[in-house]
Number of protein chains: 2
Amino acid sequence: MPDPRYRQIADDLRRKIESGQLPPRAQLPTEGELMEQYDVSRNTIRDAMRLLVTRRLIDTQPGRGTFVIERYKPFVTTISEDPETGFGGGEGDSFVREVSQLGREARTTDPQVEVQKASGRVAHELRLDKGAQVVSRHQKRFVDEAPYSMQTSFYPMDFVTGGATDLILAANITGGTVSYLKETLGMEQAGYQDRVRVRTPTDDELTFFGLPETGVSIIETYRTAYDLSGRPFRVTVSVYPADRNHLINNVGKVPGDVKAPQWITEEI
Amino acid sequence: MPDPRYRQIADDLRRKIESGQLPPRAQLPTEGELMEQYDVSRNTIRDAMRLLVTRRLIDTQPGRGTFVIERYKPFVTTISEDPETGFGGGEGDSFVREVSQLGREARTTDPQVEVQKASGRVAHELRLDKGAQVVSRHQKRFVDEAPYSMQTSFYPMDFVTGGATDLILAANITGGTVSYLKETLGMEQAGYQDRVRVRTPTDDELTFFGLPETGVSIIETYRTAYDLSGRPFRVTVSVYPADRNHLINNVGKVPGDVKAPQWITEEI
DNA sequence: GCAAATTTGTTCGTATGTATT
DNA sequence: CAATACATACGAACAAATTTG
């Protein structure tokens, strides 16, 4: 029993795309033309197309046509701490600094600061009561004007009343919040834990990142930072569309030249 | 202008699923029943269903019906090194040991050993010529008899001829390959780098993990281990279906009680 | 700026095939 | 074998987005 017709057609088109016969950005024949070429009904052509859309090979645009997808150049975020800077990967302004070194234009929005009630997960990580007041600092990140990630950090509201008043200012904290908390509260970061999972995008993420309805996952990391006494003092949630982001983790001693590339150049 | 009909229906069903009115494993009304309920044609019902299938909310089975998907209990792999054991997360028999402590049944297949020509990526990571001979050690992992991950390690063939002959035996190396290479070749692991990306599954992965045609991504990590002189001596490729695996990364000092849980219990 | 043509999106109806009960 | 339920495929009509003249 052969594959159904729409699969055969999808496979045929897939081969043409992967062989380069239909390069990225190329327009596919219209549905009408494909109906003739394969001598099937329009619905069957559309079934084949839908398969390729969910596989992230093509993109259909009403009124325009169907095009081979152009892959993003992946941006690489290092999630391990750089022993020299003491920064956890991709945090704060280290993001912009690292990228601009490579001739790319990176941009981080000013933090959007809010005082919120802690959600279940955030409260749990910070060992607060659910609904306790927390400061939320949210930033969006762009590379070459394309949205690449979003990040939200949560701190107990006590920190602000206790002296770290800059936390509720909608501006970057020069030197980073880690050293700011050390200066103002004497709170020192002993380590952190990242929990990484992959999930489907929310509607907000779909629109902000300009993702297709289906096919692109979101990499989500929950980072909980602990002070010297083992008490959690910050939770940072980062979301990365999987079609344009890779993660790197360095453990122990890794040669400097491979330690922190921002771009994976080779296609694997 | 309102959403198209099939979206409204999909949203309605999604709400019923997420609210628990249609719990996991519950059977949805048949297409015929839904046609009546919503007073639309069968194709419109099927469009709505298809949306929910790609969102990994339901599973359609020919001849049986349509069911709410049951989520896997995620297994958590720690990718940072545990300072006490010196093990990189989830490597070797540490996998089985860690899991069995939690009353779960974990199993790793005996390694499937082959001598191969290095692929482009592996050759590049090991700084070998493309096509150089490498030993490949491949293992599959199960938790409660369900497939959870696959792992393949590559070593230069020189290691075997140089004395580490157990590398080509299709058996677990007790104590782990790290300490075995230290004993036989005096090669000490100084550190490693993980590169994590998320991609669509290959056909092999689709069948082995029993994944649906669409919707589940694969988390792939390339781990390159370096010796004290900064020379790469091993590449390990791990693949994890994203619907049943999370990753954890510990940096610096993290409280022991949160350091290495194998299961995330709370639903977020 | 508008109208026509082009292209994909939505929805209906119908028929037949295949898997499961 | 019959009934049930989802899968594939055809044809048709109109809508919505975009480009073109």
Side-chain angles (χ1 to χ4, degrees), chain A residues 1-14 17 22 25-69 203 206-207 210-215, chain B residues 1-14 17 22 25-70 206-207 210-215:
Chain A
M1 51 249 69
D3 266 2
R5 202 76 186 87
Y6 77 96
R7 272 179 195 280
Q8 295 177 25
I9 295 170
D11 282 344
D12 191 47
L13 291 171
R14 186 169 50 75
I17 291 170
L22 285 168
R25 306 177 53 129
Q27 178 167 8
L28 270 69
T30 66
E31 293 178 350
E33 288 165 344
L34 290 170
M35 284 170 68
E36 283 212 350
Q37 278 185 38
Y38 292 103
D39 192 31
V40 294
S41 75
R42 184 169 167 226
N43 281 331
T44 301
I45 292 294
R46 287 180 59 74
D47 280 344
M49 298 292 223
R50 182 157 35 216
L51 215 59
L52 298 178
V53 168
T54 64
R55 300 264 157 92
R56 296 285 304 136
L57 288 170
I58 63 174
D59 180 32
T60 59
Q61 301 173 22
R64 298 205 53 221
T66 302
F67 302 86
V68 179
I69 279 192
D203 286 341
L206 232 48
T207 57
L211 301 176
E213 282 292 321
T214 180
Chain B
M1 51 244 68
D3 266 1
R5 200 80 186 83
Y6 76 96
R7 272 178 195 282
Q8 296 176 25
I9 295 170
D11 282 345
D12 192 47
L13 291 170
R14 186 169 50 75
I17 291 170
L22 285 168
R25 305 178 53 127
Q27 179 168 8
L28 270 68
T30 65
E31 293 178 350
E33 290 166 341
L34 290 171
M35 284 171 68
E36 283 213 350
Q37 277 184 38
Y38 292 103
D39 191 30
V40 293
S41 76
R42 183 162 169 235
N43 281 331
T44 301
I45 292 295
R46 286 181 59 73
D47 280 344
M49 298 293 224
R50 182 156 35 214
L51 214 59
L52 299 177
V53 169
T54 64
R55 299 261 159 91
R56 295 285 304 138
L57 288 171
I58 64 174
D59 181 33
T60 60
Q61 300 174 22
R64 297 204 54 220
T66 302
F67 303 86
V68 180
I69 279 192
E70 188 172 24
L206 232 48
T207 56
L211 300 177
E213 282 290 322
T214 180

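Computation of the quantities below employed the complete heavy-atom set of this structure, encompassing side-chain atoms and omitting hydrogens, waters and symmetry-equivalent molecules. Throughout, a chain's letter reflects where its sequence line sits, starting with A, and its residues are numbered from 1.
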Could you check how far [atom1] of [X] sits from [atom2] of [N], rounded to whole Å?
{"X": "Glu31(A)", "N": "dA13(D)", "atom1": "CD", "atom2": "C1'", "result": "15 Å"}
{"X": "Glu213(B)", "N": "dC6(D)", "atom1": "CD", "atom2": "P", "result": "18 Å"}
{"X": "Asp3(B)", "N": "dG9(C)", "atom1": "CG", "atom2": "P", "result": "15 Å"}
{"X": "Asp59(A)", "N": "dG9(C)", "atom1": "CG", "atom2": "P", "result": "9 Å"}
{"X": "Tyr6(A)", "N": "dT18(C)", "atom1": "OH", "atom2": "C1'", "result": "13 Å"}
{"X": "Gln61(B)", "N": "dA19(C)", "atom1": "CD", "atom2": "C1'", "result": "11 Å"}
{"X": "Leu28(A)", "N": "dT6(C)", "atom1": "CG", "atom2": "C1'", "result": "16 Å"}

Quick one: side chain to side chain contact (heavy atoms under 4.5 Å, CB included) partners of [X], sequence neighbours excluded?
{"X": "Ser41(B)", "value": "Asn43(B), Thr44(B)"}
{"X": "Gln27(A)", "value": "Phe67(A)"}
{"X": "Pro4(B)", "value": "Tyr6(B), Arg7(B)"}

Under 4.0 Å from OP1 or OP2 of [N]: is there any side-chain N or O of [X] that close?
{"X": "Thr60(A)", "N": "dT7(C)", "value": "no"}
{"X": "Thr30(A)", "N": "dT6(C)", "value": "no"}
{"X": "Arg5(A)", "N": "dT8(D)", "value": "no"}
{"X": "Thr66(B)", "N": "dA5(D)", "value": "no"}

Nearest 0.5 Å, please: how far is CG in Asp12(B) from CD in Gln37(B)? 9.0 Å

Is the side chain of Glu36(B) donor-acceptor paired with the backbone N or O of Glu33(B) at a distance under 3.5 Å, no angle test? no

Distance-minimising heavy-atom pair for [X] and [Y]:
{"X": "Thr66(A)", "Y": "Met49(A)", "result": "OG1-CE, 4.0 Å"}
{"X": "Arg5(B)", "Y": "Val40(B)", "result": "CG-CG1, 3.7 Å"}
{"X": "Ala10(B)", "Y": "Leu51(B)", "result": "CB-CD2, 3.9 Å"}

Non-neighbouring partners of Arg56(B) that pass side-chain hydrogen bond (donor to acceptor under 3.5 Å, both in side chains), sequence neighbours left out: none

Could you check which residues of residues 35-56 of chain A get a heavy atom under 4.0 Å from DNA chain C? Sort them by number, please. Arg42(A), Arg46(A)

Please report how far the helix from dC2(C)-dG21(D) to dT21(C)-dA2(D) bends, comparing the axis fitted to its first five pairs with the axis fitted to its last five, to the nearest 10 degrees. 10°

Map Arg7(A) and Arg64(A) onto DNA chain D by nearest heavy atom, then report which one ends up closer to the 5' terminus. Arg7(A)

